[in-house]
Amino acid sequence: MDEKHKKENPLMDFDLLKKLVVSIGDVSEITGVPTRKIRYWEEKGIIKSEKEGEGTTRRYNYLNIKKILLVQELIEEGFTLDAAAKKVEKRMENISEVFRKLADNPTSDE
DNA sequence: GTTCTCACA
DNA sequence: TGTGAGAA
């Protein structure tokens with residue numbers, strides 16, 4: 001049906017996604033993962049968060065949330081943190097690449 | 001609301 | 001592996 005992008009799709013608001021940065025509490029609500037667990041994973045080095053300027057609060061962007069989501073799914077399937085982390089790292093490479101591509105060139109039809 | 005540490009299952 | 005409780 002749609003062969004070309006005539007208008008902007010709200011579901012493809014990559015600019016918003018790239019600017020989307022929330023705290024650990026919001027991530028726990030979105031991912032359903034307790035804040036304790038998120039800090040625990042980061043403590044193990046599975047996930048990484050960015051510090052907000054002068055604040056010490058962790059800030060997570062879309063990629064971080066996606067990573068947490070992937071880890072959670074894998075662990076629930078029976079994988080361990082290290083195993084899940086490895087698989088997620090692999091996935092993140094593709095995800096970040098595709099995401100960057102789409103966000104930088106949303107008018108490309110492929 | 002967030003951070004950290006100590007301790008437990 | 002994940003959580004509870006206390007303290008700031």
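Predicted model only: the values in this text are computed from it and were never measured. Protein chains get the first letters and strands the later ones, always in sequence-line order, with residue 1 at the start of each.
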Subject >> Between B/dA9 (C1') and A/K37 (NZ): distance, integer Å >> reply: 15 Å
**OP:** Send over the distance from A/L74 CG to C/dG2 P, rounded to a whole Å.
**Re:** 12 Å
Original post:
Tell me: CD1 of A/I38 to C1' of C/dT3, nearest whole Å?
Top reply: 14 Å
Original post:
A/K87 versus A/L70: any side-chain heavy-atom pair under 4.5 Å?
Top reply: no
**OP:** Report whether A/V21 and A/M92 are members of the same hydrophobic cluster (ILVMFWY, side-chain heavy atoms less than 4.5 Å apart, transitive linking).
**Re:** no
**OP:** Can you tell me the distance, in whole Å, between the CG atom of A/L81 and the P atom of C/dT1?
**Re:** 4 Å
Original post:
Among C/dG2, B/dC4, C/dA5, which is the nearest nucleotide to the side chain of A/R36?
Top reply: C/dA5
Subject >> Spacing between A/E52 atom CD and B/dG1 atom P, to the nearest angstrom >> reply: 19 Å
Original post:
Counting just side-chain N and O atoms, does A/R58 come under 4.0 Å of either OP1 or OP2 of B/dT2?
Top reply: no
**OP:** List the atom of A/I38, the atom of A/I47, and the distance in Å for their closest heavy-atom pair.
**Re:** O-CD1, 3.4 Å
Subject >> A/R59 atom CZ, neighbour heavy-atom count above 12 within 6.0 Å >> reply: yes
Original post:
Closer than 4.0 Å, any side-chain N/O of A/T56 to the OP1 or OP2 of B/dT3?
Top reply: no
Original post:
What nucleic acid atoms does A/T80 come within less than 4.0 Å of, heavy atoms only: base, sugar-phosphate, or nothing?
Top reply: sugar-phosphate
Original post:
How long is the line joining CZ of A/R59 and C1' of B/dT2, in whole Å?
Top reply: 11 Å
Original post:
Is any side-chain nitrogen or oxygen of A/W41 closer than 4.0 Å to OP1 or OP2 of C/dG2?
Top reply: yes
Subject >> Between B/dT5 (C1') and A/R39 (CZ): distance, integer Å >> reply: 12 Å
**OP:** Let me know the distance between OH of A/Y40 and C1' of B/dA7, rounded to the nearest Å.
**Re:** 14 Å
